[in-house]
Novice: 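Sending over a structure as C-alpha coordinates; questions will come in a sec.
A, B, ... follow the sequence lines: proteins, then strands. Residue 1 opens every chain. Not measured: the values here are computed from a predicted model.
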There are 2 protein chains.
Amino acid sequence: MGEDVGKDLSNFAKPYVTVDMVIFTIASSELKVLLVKRKVQPFKDKWVIPGGFVNIDQSLREAAMSKLAEKTGVKDVYLEQLYTFGDPKRDPRGRVITVSYFALISSEHIALKSSEEYNATWHSFTKLPPLAFDHKEIIDYAFKRLKWKFEYTTVAFSLLPKKFTMSQLQELYEIVFGTSFDKRNFRKKILSLKILEEQEVMRNVSFRPPQLYSLKANLGEIVNIL
Amino acid sequence: MGEDVGKDLSNFAKPYVTVDMVIFTIASSELKVLLVKRKVQPFKDKWVIPGGFVNIDQSLREAAMSKLAEKTGVKDVYLEQLYTFGDPKRDPRGRVITVSYFALISSEHIALKSSEEYNATWHSFTKLPPLAFDHKEIIDYAFKRLKWKFEYTTVAFSLLPKKFTMSQLQELYEIVFGTSFDKRNFRKKILSLKILEEQEVMRNVSFRPPQLYSLKANLGEIVNIL
DNA sequence: ACAAAAGTGTTCGATATACACCCATGT
DNA sequence: ACATGGGTGTATATCGAACACTTTTGT
(Lines give C-alpha, C1' and ligand atoms only; values in the text may rest on other atoms or scores of the structure.)
Protein backbone atom coordinates (compact mmCIF):
# COMPACT_ATOMS: atom_id res chain seq x y z
CA MET A 1 0.00 0.00 0.00
CA GLY A 2 2.44 2.67 -1.15
CA GLU A 3 1.93 6.11 -2.61
CA ASP A 4 0.74 4.71 -5.92
CA VAL A 5 -2.59 3.64 -4.52
CA GLY A 6 -2.98 6.79 -2.46
CA LYS A 7 -3.19 7.49 1.23
CA ASP A 8 -3.05 4.29 3.19
CA LEU A 9 -5.59 3.46 5.80
CA SER A 10 -3.50 2.31 8.70
CA ASN A 11 -4.61 4.96 11.15
CA PHE A 12 -8.25 3.95 11.18
CA ALA A 13 -9.37 1.65 13.95
CA LYS A 14 -10.89 -1.53 12.61
CA PRO A 15 -13.83 -3.44 14.01
CA TYR A 16 -14.17 -7.20 13.78
CA VAL A 17 -16.58 -8.39 11.15
CA THR A 18 -18.61 -11.56 11.40
CA VAL A 19 -21.39 -13.21 9.48
CA ASP A 20 -24.34 -14.71 11.32
CA MET A 21 -27.00 -16.79 9.69
CA VAL A 22 -30.64 -17.41 10.35
CA ILE A 23 -31.29 -20.80 8.81
CA PHE A 24 -34.90 -21.84 8.39
CA THR A 25 -36.42 -25.13 7.49
CA ILE A 26 -39.76 -26.84 7.83
CA ALA A 27 -40.13 -30.02 9.83
CA SER A 28 -43.09 -31.63 11.61
CA SER A 29 -45.32 -28.90 10.24
CA GLU A 30 -43.33 -26.23 12.03
CA LEU A 31 -40.95 -23.51 11.04
CA LYS A 32 -37.55 -24.31 12.53
CA VAL A 33 -34.42 -22.27 13.13
CA LEU A 34 -30.96 -23.74 13.47
CA LEU A 35 -29.17 -22.82 16.72
CA VAL A 36 -25.82 -23.60 18.28
CA LYS A 37 -25.11 -23.72 21.99
CA ARG A 38 -22.18 -21.55 23.03
CA LYS A 39 -19.43 -23.41 24.83
CA VAL A 40 -17.37 -20.41 25.86
CA GLN A 41 -17.81 -17.07 27.51
CA PRO A 42 -19.37 -14.63 27.00
CA PHE A 43 -22.91 -16.01 27.04
CA LYS A 44 -21.68 -19.53 27.76
CA ASP A 45 -24.52 -22.06 27.43
CA LYS A 46 -26.80 -19.60 25.71
CA TRP A 47 -27.94 -20.26 22.19
CA VAL A 48 -26.73 -18.39 19.13
CA ILE A 49 -27.36 -18.56 15.43
CA PRO A 50 -24.47 -20.06 13.45
CA GLY A 51 -21.78 -17.63 12.38
CA GLY A 52 -18.19 -16.65 12.61
CA PHE A 53 -15.47 -14.28 11.54
CA VAL A 54 -15.03 -13.30 7.94
CA ASN A 55 -11.70 -14.34 6.50
CA ILE A 56 -9.71 -11.48 5.15
CA ASP A 57 -9.81 -12.80 1.58
CA GLN A 58 -13.35 -14.12 1.58
CA SER A 59 -16.38 -12.31 0.23
CA LEU A 60 -19.24 -11.97 2.69
CA ARG A 61 -21.34 -14.44 0.77
CA GLU A 62 -18.51 -16.95 0.68
CA ALA A 63 -18.07 -16.55 4.41
CA ALA A 64 -21.77 -17.17 4.95
CA MET A 65 -21.74 -20.18 2.61
CA SER A 66 -18.84 -21.73 4.44
CA LYS A 67 -20.45 -21.31 7.87
CA LEU A 68 -23.57 -22.84 6.45
CA ALA A 69 -21.75 -25.85 5.02
CA GLU A 70 -19.93 -26.25 8.32
CA LYS A 71 -23.13 -26.46 10.35
CA THR A 72 -25.41 -28.31 7.99
CA GLY A 73 -23.32 -30.07 5.39
CA VAL A 74 -25.69 -28.66 2.82
CA LYS A 75 -24.69 -26.64 -0.21
CA ASP A 76 -27.75 -26.16 -2.37
CA VAL A 77 -29.68 -23.54 -0.46
CA TYR A 78 -31.31 -20.21 -0.80
CA LEU A 79 -29.07 -17.59 0.78
CA GLU A 80 -29.67 -13.88 1.05
CA GLN A 81 -28.04 -11.04 2.91
CA LEU A 82 -30.33 -9.60 5.56
CA TYR A 83 -29.00 -6.64 7.45
CA THR A 84 -25.83 -5.47 9.15
CA PHE A 85 -25.93 -4.99 12.89
CA GLY A 86 -23.28 -2.70 14.25
CA ASP A 87 -24.17 -1.37 17.65
CA PRO A 88 -20.83 -0.69 19.40
CA LYS A 89 -22.04 -2.56 22.50
CA ARG A 90 -23.57 -5.60 20.87
CA ASP A 91 -20.59 -7.79 21.76
CA PRO A 92 -18.88 -7.40 25.15
CA ARG A 93 -15.54 -8.53 23.71
CA GLY A 94 -15.12 -5.46 21.55
CA ARG A 95 -16.41 -3.84 18.45
CA VAL A 96 -17.95 -6.54 16.32
CA ILE A 97 -20.08 -5.75 13.32
CA THR A 98 -22.11 -8.63 11.99
CA VAL A 99 -23.51 -9.04 8.53
CA SER A 100 -26.55 -11.27 8.87
CA TYR A 101 -27.82 -13.69 6.26
CA PHE A 102 -30.87 -15.79 5.99
CA ALA A 103 -30.98 -19.22 4.46
CA LEU A 104 -33.74 -21.64 3.55
CA ILE A 105 -33.04 -25.35 3.51
CA SER A 106 -35.37 -27.78 1.91
CA SER A 107 -36.85 -30.44 4.16
CA GLU A 108 -35.43 -33.10 1.85
CA HIS A 109 -31.91 -31.93 2.65
CA ILE A 110 -32.14 -31.74 6.39
CA ALA A 111 -33.04 -35.40 6.57
CA LEU A 112 -29.78 -36.34 4.89
CA LYS A 113 -27.49 -35.62 7.80
CA SER A 114 -28.23 -35.37 11.44
CA SER A 115 -27.69 -31.76 12.34
CA GLU A 116 -26.40 -32.88 15.73
CA GLU A 117 -23.24 -34.11 14.08
CA TYR A 118 -22.63 -30.51 13.29
CA ASN A 119 -23.21 -29.33 16.82
CA ALA A 120 -26.38 -27.52 15.88
CA THR A 121 -30.02 -28.25 16.57
CA TRP A 122 -33.32 -27.19 15.12
CA HIS A 123 -35.68 -25.18 17.29
CA SER A 124 -39.28 -24.36 16.68
CA PHE A 125 -39.54 -20.71 15.73
CA THR A 126 -42.46 -20.26 18.10
CA LYS A 127 -40.54 -21.62 21.11
CA LEU A 128 -37.05 -20.18 20.93
CA PRO A 129 -34.76 -20.48 23.94
CA PRO A 130 -32.96 -17.41 25.32
CA LEU A 131 -30.46 -16.14 22.80
CA ALA A 132 -27.09 -14.46 23.22
CA PHE A 133 -26.01 -11.09 21.83
CA ASP A 134 -28.68 -9.47 19.66
CA HIS A 135 -29.52 -12.73 17.97
CA LYS A 136 -33.18 -12.60 18.90
CA GLU A 137 -33.43 -9.33 17.06
CA ILE A 138 -31.70 -10.85 14.04
CA ILE A 139 -34.09 -13.79 13.97
CA ASP A 140 -37.09 -11.49 14.23
CA TYR A 141 -35.78 -9.44 11.38
CA ALA A 142 -35.22 -12.59 9.33
CA PHE A 143 -38.74 -13.77 9.97
CA LYS A 144 -40.20 -10.49 8.75
CA ARG A 145 -38.15 -10.82 5.61
CA LEU A 146 -39.23 -14.43 5.20
CA LYS A 147 -42.89 -13.49 5.31
CA TRP A 148 -42.34 -10.71 2.93
CA LYS A 149 -40.47 -12.92 0.49
CA PHE A 150 -43.23 -15.50 0.68
CA GLU A 151 -45.73 -12.91 -0.41
CA TYR A 152 -43.84 -11.52 -3.34
CA THR A 153 -41.42 -14.15 -4.55
CA THR A 154 -40.96 -17.82 -5.14
CA VAL A 155 -38.63 -18.46 -2.19
CA ALA A 156 -41.21 -20.76 -0.63
CA PHE A 157 -40.20 -23.46 -3.09
CA SER A 158 -36.70 -23.63 -1.67
CA LEU A 159 -38.21 -25.03 1.52
CA LEU A 160 -39.90 -27.86 -0.36
CA PRO A 161 -38.56 -30.95 -2.10
CA LYS A 162 -38.17 -30.67 -5.87
CA LYS A 163 -41.50 -32.39 -6.35
CA PHE A 164 -44.31 -31.47 -4.04
CA THR A 165 -48.07 -31.49 -3.81
CA MET A 166 -50.35 -28.50 -3.76
CA SER A 167 -51.25 -29.33 -0.17
CA GLN A 168 -47.63 -29.26 0.91
CA LEU A 169 -47.22 -25.87 -0.66
CA GLN A 170 -50.36 -24.59 0.97
CA GLU A 171 -49.39 -25.95 4.36
CA LEU A 172 -46.05 -24.17 4.05
CA TYR A 173 -47.76 -20.84 3.41
CA GLU A 174 -50.10 -21.48 6.28
CA ILE A 175 -47.25 -22.17 8.68
CA VAL A 176 -45.36 -19.05 7.68
CA PHE A 177 -48.36 -16.73 7.74
CA GLY A 178 -50.04 -18.36 10.69
CA THR A 179 -53.41 -18.39 8.95
CA SER A 180 -55.29 -20.83 6.79
CA PHE A 181 -56.38 -20.41 3.21
CA ASP A 182 -59.22 -21.75 1.18
CA LYS A 183 -57.98 -24.76 -0.76
CA ARG A 184 -59.74 -23.88 -4.00
CA ASN A 185 -58.67 -20.28 -4.02
CA PHE A 186 -55.12 -21.13 -3.11
CA ARG A 187 -54.82 -23.64 -5.92
CA LYS A 188 -56.43 -21.27 -8.40
CA LYS A 189 -54.05 -18.50 -7.44
CA ILE A 190 -50.92 -20.61 -7.67
CA LEU A 191 -51.89 -22.21 -10.97
CA SER A 192 -52.73 -18.83 -12.47
CA LEU A 193 -49.12 -17.80 -11.98
CA LYS A 194 -48.02 -20.50 -14.43
CA ILE A 195 -44.84 -21.17 -12.53
CA LEU A 196 -45.44 -24.87 -11.93
CA GLU A 197 -44.97 -27.94 -14.07
CA GLU A 198 -47.00 -31.07 -13.56
CA GLN A 199 -44.97 -34.11 -12.69
CA GLU A 200 -46.17 -37.64 -12.15
CA VAL A 201 -48.84 -38.59 -9.67
CA MET A 202 -47.83 -39.85 -6.25
CA ARG A 203 -47.99 -43.64 -5.77
CA ASN A 204 -48.88 -45.96 -2.91
CA VAL A 205 -50.88 -43.66 -0.75
CA SER A 206 -54.06 -44.80 0.86
CA PHE A 207 -56.11 -41.91 -0.43
CA ARG A 208 -56.66 -40.22 -3.70
CA PRO A 209 -53.16 -39.89 -5.13
CA PRO A 210 -52.10 -36.28 -5.40
CA GLN A 211 -50.57 -34.59 -8.40
CA LEU A 212 -46.90 -33.73 -7.95
CA TYR A 213 -45.61 -30.41 -9.20
CA SER A 214 -42.21 -28.84 -9.63
CA LEU A 215 -41.21 -25.23 -10.04
CA LYS A 216 -40.38 -24.27 -13.62
CA ALA A 217 -36.65 -24.05 -14.01
CA ASN A 218 -36.15 -20.79 -15.83
CA LEU A 219 -37.81 -18.37 -13.44
CA GLY A 220 -36.22 -15.23 -12.07
CA GLU A 221 -36.68 -14.79 -8.39
CA ILE A 222 -39.38 -12.19 -8.02
CA VAL A 223 -42.72 -13.27 -9.36
CA ASN A 224 -45.30 -11.47 -7.25
CA ILE A 225 -47.08 -14.40 -5.80
CA LEU A 226 -50.22 -14.17 -3.66
CA MET B 1 -10.71 -8.40 27.41
CA GLY B 2 -9.51 -10.99 29.90
CA GLU B 3 -10.59 -14.54 30.61
CA ASP B 4 -13.82 -13.41 32.18
CA VAL B 5 -15.34 -12.43 28.87
CA GLY B 6 -13.97 -15.51 27.14
CA LYS B 7 -11.54 -16.07 24.34
CA ASP B 8 -10.31 -12.77 23.00
CA LEU B 9 -10.42 -11.99 19.36
CA SER B 10 -6.98 -10.63 18.68
CA ASN B 11 -5.89 -13.23 16.20
CA PHE B 12 -8.58 -12.50 13.64
CA ALA B 13 -7.64 -10.18 10.80
CA LYS B 14 -9.89 -7.18 10.67
CA PRO B 15 -11.18 -5.44 7.58
CA TYR B 16 -11.85 -1.72 7.40
CA VAL B 17 -15.48 -0.78 7.62
CA THR B 18 -16.99 2.25 5.95
CA VAL B 19 -20.45 3.64 5.38
CA ASP B 20 -21.39 4.99 1.97
CA MET B 21 -24.59 6.82 1.25
CA VAL B 22 -26.80 7.20 -1.76
CA ILE B 23 -28.56 10.49 -1.18
CA PHE B 24 -31.54 11.26 -3.39
CA THR B 25 -33.47 14.42 -3.88
CA ILE B 26 -35.79 15.89 -6.48
CA ALA B 27 -34.89 19.10 -8.27
CA SER B 28 -35.91 20.54 -11.64
CA SER B 29 -38.26 17.61 -12.12
CA GLU B 30 -35.41 15.17 -11.98
CA LEU B 31 -34.18 12.59 -9.54
CA LYS B 32 -30.75 13.67 -8.28
CA VAL B 33 -27.95 11.87 -6.50
CA LEU B 34 -25.32 13.60 -4.39
CA LEU B 35 -21.73 12.90 -5.49
CA VAL B 36 -18.28 13.96 -4.33
CA LYS B 37 -15.21 14.22 -6.51
CA ARG B 38 -12.24 12.30 -5.17
CA LYS B 39 -9.16 14.40 -4.62
CA VAL B 40 -6.73 11.57 -3.89
CA GLN B 41 -5.67 8.25 -5.31
CA PRO B 42 -6.98 5.74 -5.96
CA PHE B 43 -9.62 6.86 -8.44
CA LYS B 44 -8.48 10.48 -8.19
CA ASP B 45 -10.94 12.78 -9.99
CA LYS B 46 -13.59 10.11 -10.25
CA TRP B 47 -16.88 10.60 -8.51
CA VAL B 48 -17.98 8.73 -5.43
CA ILE B 49 -20.99 8.74 -3.19
CA PRO B 50 -20.39 10.38 0.20
CA GLY B 51 -19.04 8.12 2.90
CA GLY B 52 -16.20 7.38 5.22
CA PHE B 53 -14.82 5.18 7.93
CA VAL B 54 -16.92 4.14 10.86
CA ASN B 55 -15.58 5.37 14.17
CA ILE B 56 -14.88 2.62 16.61
CA ASP B 57 -17.48 3.84 19.08
CA GLN B 58 -20.16 4.90 16.61
CA SER B 59 -23.13 2.83 15.55
CA LEU B 60 -23.48 2.36 11.81
CA ARG B 61 -26.49 4.61 11.68
CA GLU B 62 -24.70 7.33 13.62
CA ALA B 63 -21.78 7.08 11.24
CA ALA B 64 -24.12 7.45 8.27
CA MET B 65 -25.93 10.37 9.90
CA SER B 66 -22.70 12.20 10.54
CA LYS B 67 -21.46 11.75 6.95
CA LEU B 68 -24.79 13.02 5.79
CA ALA B 69 -24.69 16.10 7.99
CA GLU B 70 -21.13 16.73 6.84
CA LYS B 71 -22.07 16.78 3.17
CA THR B 72 -25.48 18.40 3.26
CA GLY B 73 -25.88 20.23 6.56
CA VAL B 74 -29.27 18.56 6.82
CA LYS B 75 -30.47 16.51 9.74
CA ASP B 76 -34.14 15.75 9.21
CA VAL B 77 -34.02 13.06 6.55
CA TYR B 78 -35.18 9.61 5.77
CA LEU B 79 -32.28 7.22 6.25
CA GLU B 80 -32.27 3.48 5.74
CA GLN B 81 -29.60 0.81 5.58
CA LEU B 82 -29.33 -0.71 2.14
CA TYR B 83 -26.84 -3.50 1.77
CA THR B 84 -23.32 -4.41 2.77
CA PHE B 85 -20.77 -4.78 0.01
CA GLY B 86 -17.76 -6.83 0.91
CA ASP B 87 -15.98 -8.13 -2.13
CA PRO B 88 -12.32 -8.54 -1.09
CA LYS B 89 -11.18 -6.67 -4.21
CA ARG B 90 -13.61 -3.78 -4.12
CA ASP B 91 -11.01 -1.36 -2.79
CA PRO B 92 -7.42 -1.53 -4.08
CA ARG B 93 -6.05 -0.21 -0.77
CA GLY B 94 -7.05 -3.27 1.19
CA ARG B 95 -10.01 -5.09 2.58
CA VAL B 96 -12.77 -2.57 2.99
CA ILE B 97 -16.32 -3.60 3.72
CA THR B 98 -18.91 -0.91 3.20
CA VAL B 99 -22.33 -0.69 4.71
CA SER B 100 -24.43 1.34 2.31
CA TYR B 101 -27.33 3.58 3.24
CA PHE B 102 -29.86 5.46 1.29
CA ALA B 103 -31.25 8.81 2.22
CA LEU B 104 -34.03 11.00 0.91
CA ILE B 105 -33.82 14.74 1.32
CA SER B 106 -36.80 16.96 0.79
CA SER B 107 -36.53 19.56 -1.92
CA GLU B 108 -37.30 22.24 0.66
CA HIS B 109 -34.11 21.38 2.52
CA ILE B 110 -31.67 21.28 -0.35
CA ALA B 111 -32.47 24.86 -1.23
CA LEU B 112 -31.36 25.98 2.23
CA LYS B 113 -27.64 25.52 1.72
CA SER B 114 -25.65 25.29 -1.41
CA SER B 115 -24.36 21.78 -1.58
CA GLU B 116 -21.18 23.11 -3.19
CA GLU B 117 -20.13 24.55 0.16
CA TYR B 118 -19.98 20.99 1.27
CA ASN B 119 -17.86 19.85 -1.62
CA ALA B 120 -20.63 17.77 -3.08
CA THR B 121 -22.82 18.25 -6.13
CA TRP B 122 -26.14 16.93 -7.32
CA HIS B 123 -26.18 14.81 -10.45
CA SER B 124 -29.14 13.71 -12.47
CA PHE B 125 -29.73 10.03 -11.89
CA THR B 126 -30.15 9.46 -15.60
CA LYS B 127 -26.79 11.04 -16.48
CA LEU B 128 -24.30 9.83 -13.91
CA PRO B 129 -20.59 10.39 -14.51
CA PRO B 130 -18.12 7.49 -14.18
CA LEU B 131 -17.97 6.33 -10.61
CA ALA B 132 -15.15 4.89 -8.54
CA PHE B 133 -15.09 1.55 -6.69
CA ASP B 134 -18.40 -0.31 -6.92
CA HIS B 135 -20.39 2.85 -6.37
CA LYS B 136 -22.38 2.49 -9.57
CA GLU B 137 -23.60 -0.84 -8.31
CA ILE B 138 -24.54 0.69 -4.97
CA ILE B 139 -26.51 3.46 -6.65
CA ASP B 140 -28.34 0.97 -8.86
CA TYR B 141 -29.20 -1.07 -5.84
CA ALA B 142 -30.46 2.04 -4.05
CA PHE B 143 -32.62 2.99 -6.97
CA LYS B 144 -34.27 -0.41 -7.02
CA ARG B 145 -35.00 -0.03 -3.33
CA LEU B 146 -36.32 3.47 -3.89
CA LYS B 147 -38.81 2.27 -6.48
CA TRP B 148 -39.87 -0.55 -4.29
CA LYS B 149 -40.36 1.72 -1.31
CA PHE B 150 -42.40 4.10 -3.43
CA GLU B 151 -44.77 1.31 -4.31
CA TYR B 152 -45.33 -0.02 -0.84
CA THR B 153 -44.61 2.71 1.65
CA THR B 154 -44.96 6.40 2.29
CA VAL B 155 -41.29 7.29 1.75
CA ALA B 156 -42.24 9.45 -1.22
CA PHE B 157 -43.41 12.13 1.17
CA SER B 158 -39.94 12.60 2.57
CA LEU B 159 -38.93 14.01 -0.82
CA LEU B 160 -41.66 16.64 -0.70
CA PRO B 161 -42.15 19.77 1.38
CA LYS B 162 -44.46 19.38 4.36
CA LYS B 163 -47.32 20.84 2.35
CA PHE B 164 -47.68 19.78 -1.23
CA THR B 165 -50.23 19.52 -3.98
CA MET B 166 -51.60 16.37 -5.51
CA SER B 167 -49.82 17.25 -8.75
CA GLN B 168 -46.46 17.51 -7.02
CA LEU B 169 -46.98 14.11 -5.51
CA GLN B 170 -48.00 12.66 -8.83
CA GLU B 171 -45.05 14.20 -10.63
CA LEU B 172 -42.74 12.66 -8.05
CA TYR B 173 -44.15 9.21 -8.67
CA GLU B 174 -43.89 9.75 -12.39
CA ILE B 175 -40.24 10.72 -12.15
CA VAL B 176 -39.33 7.73 -10.04
CA PHE B 177 -41.27 5.20 -12.10
CA GLY B 178 -40.54 6.82 -15.45
CA THR B 179 -44.15 6.57 -16.52
CA SER B 180 -47.20 8.78 -16.32
CA PHE B 181 -50.41 8.12 -14.48
CA ASP B 182 -53.97 9.14 -15.00
CA LYS B 183 -54.68 12.14 -12.84
CA ARG B 184 -58.11 10.98 -11.73
CA ASN B 185 -57.04 7.48 -10.87
CA PHE B 186 -53.96 8.68 -9.07
CA ARG B 187 -55.90 11.11 -6.93
CA LYS B 188 -58.56 8.52 -6.19
CA LYS B 189 -55.98 5.98 -5.13
CA ILE B 190 -54.07 8.34 -2.86
CA LEU B 191 -57.17 9.75 -1.22
CA SER B 192 -58.56 6.28 -0.61
CA LEU B 193 -55.54 5.56 1.57
CA LYS B 194 -56.67 8.24 4.03
CA ILE B 195 -53.12 9.20 4.82
CA LEU B 196 -53.41 12.87 3.88
CA GLU B 197 -54.80 15.89 5.66
CA GLU B 198 -56.17 18.86 3.79
CA GLN B 199 -54.33 22.07 4.47
CA GLU B 200 -55.09 25.54 3.16
CA VAL B 201 -55.41 26.32 -0.52
CA MET B 202 -52.42 27.78 -2.33
CA ARG B 203 -52.54 31.56 -2.92
CA ASN B 204 -51.43 33.90 -5.68
CA VAL B 205 -51.17 31.51 -8.55
CA SER B 206 -52.44 32.48 -11.95
CA PHE B 207 -54.54 29.37 -12.35
CA ARG B 208 -57.06 27.51 -10.32
CA PRO B 209 -55.50 27.40 -6.86
CA PRO B 210 -54.63 23.88 -5.78
CA GLN B 211 -55.45 22.25 -2.49
CA LEU B 212 -52.43 21.71 -0.27
CA TYR B 213 -52.10 18.46 1.63
CA SER B 214 -49.83 17.14 4.34
CA LEU B 215 -49.12 13.60 5.44
CA LYS B 216 -50.92 12.61 8.62
CA ALA B 217 -48.47 12.64 11.48
CA ASN B 218 -49.13 9.37 13.24
CA LEU B 219 -48.49 6.90 10.44
CA GLY B 220 -46.13 3.95 10.65
CA GLU B 221 -43.89 3.57 7.67
CA ILE B 222 -45.37 0.79 5.62
CA VAL B 223 -48.77 1.60 4.25
CA ASN B 224 -49.05 -0.33 1.00
CA ILE B 225 -49.55 2.54 -1.36
CA LEU B 226 -50.30 2.13 -5.10
C1' DA C 1 -60.90 36.54 -23.14
C1' DC C 2 -57.35 33.61 -22.50
C1' DA C 3 -53.73 30.84 -20.50
C1' DA C 4 -52.56 27.58 -17.11
C1' DA C 5 -53.09 24.00 -14.16
C1' DA C 6 -56.80 21.96 -10.92
C1' DG C 7 -60.49 19.20 -10.25
C1' DT C 8 -64.13 15.74 -11.16
C1' DG C 9 -67.42 10.35 -12.47
C1' DT C 10 -68.62 6.43 -14.88
C1' DT C 11 -68.02 2.17 -17.25
C1' DC C 12 -65.74 -2.20 -17.81
C1' DG C 13 -62.82 -5.92 -17.05
C1' DA C 14 -59.93 -8.39 -13.85
C1' DT C 15 -59.02 -10.07 -9.57
C1' DA C 16 -60.12 -11.72 -4.85
C1' DT C 17 -63.34 -13.91 -1.72
C1' DA C 18 -66.75 -16.94 0.05
C1' DC C 19 -68.50 -21.29 0.04
C1' DA C 20 -69.62 -27.46 -0.04
C1' DC C 21 -69.47 -31.61 -2.26
C1' DC C 22 -67.53 -35.62 -4.88
C1' DC C 23 -63.20 -38.48 -6.07
C1' DA C 24 -59.52 -42.03 -5.99
C1' DT C 25 -56.94 -44.96 -3.45
C1' DG C 26 -55.42 -48.58 0.23
C1' DT C 27 -56.95 -51.28 3.84
C1' DA D 1 -67.43 -50.12 3.07
C1' DC D 2 -64.83 -46.82 5.10
C1' DA D 3 -61.20 -43.64 6.10
C1' DT D 4 -58.09 -40.33 4.25
C1' DG D 5 -56.67 -36.51 2.00
C1' DG D 6 -57.24 -34.73 -3.11
C1' DG D 7 -59.62 -32.23 -6.31
C1' DT D 8 -63.25 -29.14 -8.34
C1' DG D 9 -66.92 -24.40 -9.90
C1' DT D 10 -69.86 -20.52 -9.31
C1' DA D 11 -71.58 -16.19 -7.68
C1' DT D 12 -70.43 -11.72 -5.64
C1' DA D 13 -67.73 -7.93 -4.28
C1' DT D 14 -63.77 -5.22 -4.82
C1' DC D 15 -60.22 -3.04 -7.17
C1' DG D 16 -57.69 -1.14 -11.10
C1' DA D 17 -57.78 0.95 -15.87
C1' DA D 18 -59.51 3.70 -19.42
C1' DC D 19 -61.33 7.88 -20.68
C1' DA D 20 -62.62 14.09 -21.57
C1' DC D 21 -64.53 18.04 -19.98
C1' DT D 22 -65.37 21.93 -16.63
C1' DT D 23 -63.50 25.12 -12.99
C1' DT D 24 -60.84 28.78 -10.90
C1' DT D 25 -57.62 32.07 -10.79
C1' DG D 26 -54.30 36.03 -12.57
C1' DT D 27 -53.21 38.75 -16.32
Novice: Please report the distance, rounded to the nearest Å, between OH in A/Y213 and C1' in D/dG6.
Specialist: 10 Å
Novice: Return the value, rounded to whole Å, for the distance between atom CG of B/L212 and atom C1' of C/dG7.
Specialist: 14 Å
Novice: For B/M202 and C/dG7, give me the distance from atom CE to atom P, rounded to whole Å.
Specialist: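 My rounded result for the distance is 10 Å.
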Novice: Output the rounded distance in Å from CD (B/Q168) to P (C/dG7).
Specialist: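 About 11 Å, once rounded to whole Å.
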Novice: State whether the distance check finds a donor on one side and an acceptor on the other, under 3.5 Å, for side chain B/K188 versus base D/dT14.
Specialist: no
Novice: Is the distance from the ring center of A/F85 to that of A/Y83 below 6.0 Å?
Specialist: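 Yes - the distance between ring centres of A/F85 and A/Y83 falls below the 6.0 Å cut-off.
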Novice: Whole-Å distance between C/dA6 C1' and B/F181 CZ?
Specialist: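 After rounding, the reported distance stands at 19 Å.
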Novice: Taking for each residue the nucleotide of DNA chain D with the nearest heavy atom, is it A/N185 or A/P209 whose nucleotide lies nearer the 5' end?
Specialist: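 Of the two residues, A/P209 wins.
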Novice: Base, sugar-phosphate or nothing for A/S192? Non-hydrogen atoms, less than 4.0 Å.
Specialist: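 Touches nothing.
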Novice: With respect to the phosphate group of D/dT8, does any side-chain polar atom (N or O) of A/R187 fall under 4.0 Å of OP1 or OP2?
Specialist: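 It does, given that an N or O in the side chain of A/R187 lies less than 4.0 Å from OP1 or OP2 of D/dT8.
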Novice: To the nearest Å, how far apart are A/I190 CD1 and C/dA16 P?
Specialist: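 From A/I190 CD1 to C/dA16 P: 12 Å.
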Novice: DNA chain C: B/D182 or A/R208, which has the more 5' nearest nucleotide?
Specialist: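 Comparing both residues, the 5'-ward one is B/D182.
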Novice: Describe, in one word, how the ring planes of B/F24 and B/F102 are oriented to each other, choosing from parallel (under 30°), tilted (30 to 60°) and perpendicular (over 60°).
Specialist: perpendicular
Novice: A/M166 or A/S206: which one's nearest nucleotide on DNA chain D is closer to the 5' end?
Specialist: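 Per heavy-atom nearest nucleotide, the more 5' residue is A/S206.
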Novice: Between D/dG7, C/dT25, C/dG9, which one does the side chain of A/R203 approach most closely?
Specialist: C/dT25
Novice: Once you round it to whole Å, what is the distance between C1' of D/dT23 and CD of B/Q211?
Specialist: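 Computing the B/Q211:CD to D/dT23:C1' distance gives 15 Å.
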Novice: Would you mind checking if A/D182 and A/R184 are paired as a salt bridge, meaning a charged N to carboxylate O distance below 4.0 Å?
Specialist: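 Yes.
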Novice: Can you find a heavy atom in the side chain of A/L212 that is under 4.5 Å from one in the side chain of A/T165?
Specialist: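 Yes, side chains in contact.
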Novice: Heavy atoms under 4.0 Å, any strand shown: does A/K183 hit a base, just sugar-phosphate, or nothing?
Specialist: base
Novice: Please tell me if B/S167 has a side-chain N or O lying less than 4.0 Å from either OP1 or OP2 of C/dA5.
Specialist: no
Novice: Measure from CG on A/N204 to P on C/dA24 and round the result to the nearest Å.
Specialist: 18 Å
Novice: Compare the minimum distances between each of C/dA4, D/dG5, C/dG26 and the side chain of A/F207, then state the nucleotide with the smallest one.
Specialist: D/dG5
Novice: Establish, yes or no, whether a centroid distance under 6.0 Å links the rings of B/H135 and B/W47.
Specialist: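 Centroid distance B/H135-B/W47: not below 6.0 Å, so no.
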